[in-house]
Amino acid sequence: MITWRPTSRLFHARIPWKSQRRGLGLLEFNSHKLLRHFDIPVPNGHVVTNPEEAQTVVSTIHAPSIIKAQVLAGGRGKGKYSSDGKGGVRMVNTPSEAFENASKMLGYNLTTKQTPPGGLLVNKLYIYKAVDVAQELYVAITFDRDRGMPVLLISDDGGVDIESNVSKLQKFWFHMPHGIGPEIIAYIQAQLGFSDPEMATLSHIIHQMVELFEEKDATLLELNPLVRTPEGDFVCLDAKFSFDNSARFRQKGLFSLEERSPEEELEFEASELGLSYVRLDGDIGNIVNGAGLAMATNDLIGLYGGKCANFLDVGGGATKETLSKAFEILNNDARIKGILVNIYGGIVRCDMIAESIIDAAAERGGFKVPVVVRLQGTNSDKGLKLIENSNMENLMVEPDFEAAAQTIVRLIKGSG
C-alpha cells in the first residue's frame, strides 16, 4: 500500500538541507553526470580549473553563461568570496567577463551559511549556458527514519529561498517496492497546475529519481532548483546528493568521485587501514587503542593544561603497518608539537607496539617532536624496556597514565 499525505507542517526537525552530511557527497558537476545517466535533464556543463579555460568555454557557448563554484556546501549564490566579496554563482556575458570572474573565484575561499567560518577553497568551476526560467521547483527524496520509509518532498517555490518557505513543502511517503503511484502524481498535478505534457515530464523525472535513489544507495537526492522553462521543459540547475557510506563496497565507481578536504583525506586514509581519526583543534597528537581510552586521554591532557589535536584510535588489532600510518598522519600535521602514545595491551602486545614505534622513528630519522609512550598490559614491561634501550632522540617512556599526560603537556609548554 502506498502511504502519502500532503501537509504544510514541518517534517519534524529533519529538513534535509540542514542535516549534517553523512557518507559520500558529490560536487555538482558529478551530480549532473549521474542525473544525465538516469535520463534526468541537466544543462550541458563544462568543468574548468583555470581562468583561460573559463574564457574558452564561454567563447564556445556564444551566449550568457552561468559560472558556479564547486564546493560541498549550499547557499553558494548568497555566499561571499574572500577575493571580492561576491557570490559563488555568477552570470557572465562575454569571454573576458568569464576570465575576470574566474580569476577571482579559483584559488580563493567561498563562505556560505553551510561552510566553516573561513569558507572552502574553490579549485573547480562549472559553466553552462544560462537557462530561461519561468518557475523554480524544489524536488527531493530522502529517508524518514521515524517511519522507516522514503519520502518525496516537492514545492513550487524552490531556489535559494527554499529554507524560508518550508511551509510550502508537500510530503509524500511511499514504499520503495511500489515507488510513486499514479494517485500521488495526480495530486501533484492538481496542486501545481501543470499541463498533461508538463506533468508527464515531471512524472518521468520523479520516477527516475526513485530509481536512482534505490540503485545507488542514496540517503538524499535534492534537485533545487528544478526549473520549468517558458517552453514547458524541465531542467535541473543544481543538485545535492548524499549516499550511504556503508554501501561503499557496492558503489565503488560512485565513491571514486568523492571530493575530500585535507582533513577528510586524513580520516579516509586512516579508515582504509582500520584506524579511527578525529581532528580536534589542539597541538598534542594522541595515538591510543579504544574510544574510552581516547576520551580519558583527552580529558587528562585538558586537566593538566594541554589541548589535543586529534583522536587517533589504532584499535585492538593494531599492526606495525597501522602504527606506521598513525605516525605518518601525525607527522604530516604541522600543528602538532608533541605526541602521546597511550596503549593498553589486551589483545595487542605492548612489545609489538614498542617495535612499531621504534621502526617508525627509524624510518623518519627520529621524531621531530617529543613522543611520550605509556604502555600497560600484555608485555608492557618488555615494550617499555625496548623503547628505553633504543636511545632515540625525542622518544621517552612513562608507565603512569597521569605522569605521561603531565609530561607531554610540560614538554609542549617548554617548547612554546
Side-chain angles (χ1 to χ4, degrees), residues 21 24-37 41-131 160 222-224 235-243 251-269 332 334:
R21 184 171 67 88
L24 169 67
L26 295 181
L27 289 178
E28 179 186 2
F29 73 92
N30 279 323
S31 297
H32 278 205
K33 288 180 182 178
L34 188 60
L35 289 171
R36 190 177 291 112
H37 178 74
V42 293
N44 182 24
H46 306 267
V47 180
V48 303
T49 57
N50 61 64
E52 291 78 13
E53 289 178 342
Q55 184 175 24
T56 299
V57 166
V58 174
S59 297
T60 303
I61 292 175
H62 291 300
S65 304
I66 303 298
I67 301 181
K68 304 174 81 171
Q70 295 300 282
V71 292
L72 290 172
R76 290 170 295 167
K78 291 188 174 183
K80 290 187 177 181
Y81 258 100
S82 59
S83 56
D84 57 10
K86 295 181 181 179
V89 179
R90 308 182 185 188
M91 187 165 78
V92 298
N93 293 297
T94 65
S96 60
E97 286 183 17
F99 182 90
E100 180 182 349
N101 279 273
S103 298
K104 298 293 180 64
M105 299 173 79
L106 289 165
Y108 293 96
N109 281 24
L110 175 66
T111 303
T112 78
K113 290 182 179 180
Q114 296 185 15
T115 66
L120 295 174
L121 180 66
V122 178
N123 292 316
K124 296 182 182 73
L125 301 175
Y126 189 50
I127 304 177
Y128 56 80
K129 180 180 177 181
V131 177
V160 295
E222 181 181 86
L223 311 186
N224 184 41
V235 182
C236 174
L237 296 189
D238 199 357
K240 179 180 177 182
F241 295 170
S242 292
F243 300 88
Q251 306 292 348
K252 292 181 180 179
L254 192 60
F255 276 81
S256 69
L257 303 174
E258 187 171 13
E259 295 274 341
R260 292 182 288 268
S261 67
E263 293 81 9
E264 291 172 328
E265 188 65 37
L266 286 176
E267 292 185 32
F268 175 74
E269 291 177 6
N332 291 335

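Numbering starts at 1 and runs along the sequence shown.
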Considering all heavy atoms of both residues, which atom of [X] and which atom of [Y] are nearest to each other, and what is their separation?
X      : Y      : answer
Ala239 : Leu223 : CB-CD2, 4.2 Å
Ser96  : Thr94  : OG-OG1, 3.0 Å
Thr115 : Thr111 : OG1-CA, 3.5 Å
Asn50  : Glu53  : OD1-N, 2.8 Å
Val58  : Ala98  : CG2-CB, 3.5 Å

Quick check for you: to the nearest 0.5 Å, what is the distance between His46 atom NE2 and Leu125 atom CG? 13.5 Å

Distance col, row Leu26:CG vs Phe243:CZ, nearest 0.5 angstrom, shows 5.0 Å

Flag the pair [X] / [Y] as yes when at least one side-chain heavy-atom distance between them is below 4.5 Å, and no otherwise.
X      : Y      : answer
Leu27  : Tyr126 : no
Leu110 : Arg76  : yes
Lys129 : Pro43  : no
Leu35  : Phe241 : yes

Could you list the donor-acceptor pairs under 3.5 angstrom formed by side chains in residues 61-74, with sequence neighbours left out?
{"residue": "His62", "atom": "ND1", "partner": "Ser59", "partner atom": "O", "Å": "3.1"}
{"residue": "His62", "atom": "NE2", "partner": "Ser59", "partner atom": "O", "Å": "3.1"}
{"residue": "Ser65", "atom": "OG", "partner": "Ala63", "partner atom": "O", "Å": "2.9"}
{"residue": "Lys68", "atom": "NZ", "partner": "Glu28", "partner atom": "OE2", "Å": "2.8"}
{"residue": "Lys68", "atom": "NZ", "partner": "Tyr128", "partner atom": "OH", "Å": "3.3"}
{"residue": "Lys68", "atom": "NZ", "partner": "Leu237", "partner atom": "O", "Å": "2.8"}
{"residue": "Gln70", "atom": "OE1", "partner": "Glu28", "partner atom": "N", "Å": "3.2"}
{"residue": "Gln70", "atom": "OE1", "partner": "Phe29", "partner atom": "N", "Å": "3.0"}
{"residue": "Gln70", "atom": "NE2", "partner": "Glu28", "partner atom": "OE1", "Å": "3.2"}
{"residue": "Gln70", "atom": "NE2", "partner": "Lys68", "partner atom": "O", "Å": "3.4"}

Can you tell me if Asn109 uses its side chain to pair, donor with acceptor, with the backbone of Gly118 under 3.5 Å? yes

Exercise answer: donor-acceptor pairs, residues 99-106 side-chain atoms, under 3.5 Å, sequence neighbours excluded:
{"residue": "Asn101", "atom": "OD1", "partner": "Arg90", "partner atom": "NH1", "Å": "3.1"}
{"residue": "Asn101", "atom": "ND2", "partner": "Glu97", "partner atom": "O", "Å": "2.8"}
{"residue": "Ser103", "atom": "OG", "partner": "Phe99", "partner atom": "O", "Å": "2.8"}

